[in-house]
Chemist: 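I am attaching a structure below and will ask some questions about it afterwards.
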There are 2 protein chains.
Amino acid sequence: MPDGRPLRADAARNRAKILEAANRQIIARGPEVPMEAIAEDAGVAVGTLYRHFPTKDDLVTAVLHAHFESMVAAAEAAADRIEAGAPAIDEFAGFFRFVLELAAGNMAVKAAARALGADWEEDLLRGRGLQALERIVAAGIDRGDLRPDMTLDDCFLFFATAPIDQPAPVRERWFTLMLDGCRADAARRTG
Amino acid sequence: MPDGRPLRADAARNRAKILEAANRQIIARGPEVPMEAIAEDAGVAVGTLYRHFPTKDDLVTAVLHAHFESMVAAAEAAADRIEAGAPAIDEFAGFFRFVLELAAGNMAVKAAARALGADWEEDLLRGRGLQALERIVAAGIDRGDLRPDMTLDDCFLFFATAPIDQPAPVRERWFTLMLDGCRADAARRTG
DNA sequence: CTATATAATGAACCTAGATTCAGGTTATGG
DNA sequence: CCATAACCTGAATCTAGGTTCATTATATAG
């Protein structure tokens, strides 16, 4: 809660414990975990959860924020490396593999991706992340790595369609197919 | 309910109305629609729903069955046409486009695909549908249309990852990328 | 060390939706 | 037309999980 006042020592401690527990629980069991479960994991009463996060949604959002941050950071790092000379296609692949694997072990991110659907671009990616992606795609096309008709929207397909709940080999295979579909020489009329 | 006895006239009528309503509601609003909603749509009391379908799950399953059937039928038709000389890649694409569009306007199928996840192959596809798909893929590879390393599992990726809730243009674009990734000349090392 | 603003607690409250069942209807064989 | 098995109805029951709040505890300024 955005008060001016600083948190009392115990309150700060609990807030941290709650965030940790929420992270643990939500990642493991998805955003539908009961607040009770989070409270128990945190060693705190439900009421305390609500003191720190007025609504369950607030808590979930808080947990997700960190994960989205790391995705954006990864995108920026990839874009930087490309512009520093690294092979565009490798960075492109590397970034999406990172995102894929992050989400794979993370029911929260998974569910969020579903729920937000076409919306999450609004929030986080329509910012730093969006820019970084643009840089990646542009360079990829420029260097003849990615198909010329590749767009930013195609990147969202990567996020939105990853078979996150499938076992690793399946994910890997999907990644191969999808990436091959994005390569420069894959483009053609599908009509 | 699998009794020996035939249904009473009014019971049969209601059963039909329920199925219709359930189909309508579940397709439109997904499997989470309240039983009340279905009952109301059917012009019947909740109790009647339960008389015909002991549990909500039974009802949902019944509704889904028809849709899965149509998918399997489509697969078989495509396989037949291929073996009768039709271009493999076109039939391959056509079949998946059909499934994609079917699911797109169908919250039920969508949710089912998610929920069942890797399981639904067990049920319906591990039967006629599975065989039809095998025929399609085999012919596609044989004729040099599909990448040589294409497998049946790749087909499940088509089901599992389709961006069903995205708008039509997005779905179409995804279809293009994915299909291009499945073509014979797309294969390469991605590792 | 107190006073008191902050916090924590957890039982109680609410809502939603699935499921049940006692009691009233109705199709239909004879 | 009757008897009665099949049916239907819908209020009541149950459960689950989010949210509240009166009560009790505790950090910390002075």
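First the proteins, then the strands, lettered A, B, ... as listed; each starts at 1. Quantities reported herein were computed from a predicted structural model and do not represent experimental measurements.
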Chemist: Does a side-chain N or O from H52(A) land closer than 4.0 Å to OP1 or OP2 of dA7(C), or not?
Modeler: no
Chemist: Check the distance between dC8(D)'s C1' and E40(B)'s CD and give it to me in whole angstrom.
Modeler: 17 Å
Chemist: Give the minimum heavy-atom separation between Y50(A) and T55(A), together with the two atoms involved.
Modeler: CE2-CA, 4.4 Å
Chemist: Taking CG from L59(A) and C1' from dG17(D), how many angstroms apart are they, rounded to a whole number?
Modeler: 15 Å
Chemist: Think T55(A) has a side-chain N or O under 4.0 angstrom from the OP1 or OP2 of dT19(D)?
Modeler: yes
Chemist: Would a line drawn from the ring center of F158(B) to the ring center of W174(B) be shorter than 6.0 Å?
Modeler: yes
Chemist: May I ask you to decide if I89(A)'s main-chain N or O and D145(A)'s side chain share a donor-acceptor pair within less than 3.5 Å?
Modeler: yes
Chemist: Should L179(B) and F92(B) count as side-chain neighbours, where that means a heavy-atom distance under 4.5 Å?
Modeler: yes
Chemist: Search all heavy atoms of A184(B) against all heavy atoms of P148(B) and return the closest pair with its distance.
Modeler: O-CD, 4.0 Å
Chemist: Can you check the I38(B) CD1 to dA18(C) P distance for me, whole Å?
Modeler: 8 Å
Chemist: Among I26(B), V99(B), I27(B), which residue meets the side-chain contact (heavy atoms from CB on, under 4.5 Å) test with H67(B)?
Modeler: I27(B)
Chemist: When every nucleotide of nucleotides 23-30 of chain D is labelled 5' to 3' by its protein contacts under 4.0 Å (heavy atoms), B for base, S for sugar-phosphate only, - for none, what sequence of letters results?
Modeler: ---BSS--
Chemist: Could you list the residues that satisfy side-chain contact (heavy atoms from CB on, under 4.5 Å) with D154(A), not counting sequence neighbours?
Modeler: M150(A), T151(A), L157(A), R173(B), L177(B)
Chemist: Provide, to the nearest angstrom, the distance between the OH atom belonging to Y50(A) and the C1' atom belonging to dA7(C).
Modeler: 17 Å
Chemist: Given atom NZ of K56(A) and atom P of dT20(D), what is their separation to the nearest angstrom?
Modeler: 14 Å
Chemist: Find out whether H52(B) and N14(B) are in side-chain contact, i.e. whether some heavy atom of one side chain is under 4.5 Å from a heavy atom of the other.
Modeler: yes
Chemist: Just how far, in rounded Å, is P of dG18(D) from CD1 of I26(A)?
Modeler: 10 Å
Chemist: Do L7(A) and R13(A) come within less than 4.5 Å of each other through their side chains, counting heavy atoms only?
Modeler: no
Chemist: Would you mind reading off the distance between R15(B) atom CZ and dC8(D) atom P, rounded to a whole angstrom?
Modeler: 11 Å
Chemist: Taking N or O atoms only and anything under 3.5 Å, show me the protein contacts with nucleotides 9-13 of chain C, one pair per line.
Modeler:
unit_1 : atom_1 : unit_2 : atom_2 : d
dT9(C) : OP2    : A45(A) : N      : 3.0
dT9(C) : OP2    : T48(A) : OG1    : 2.7

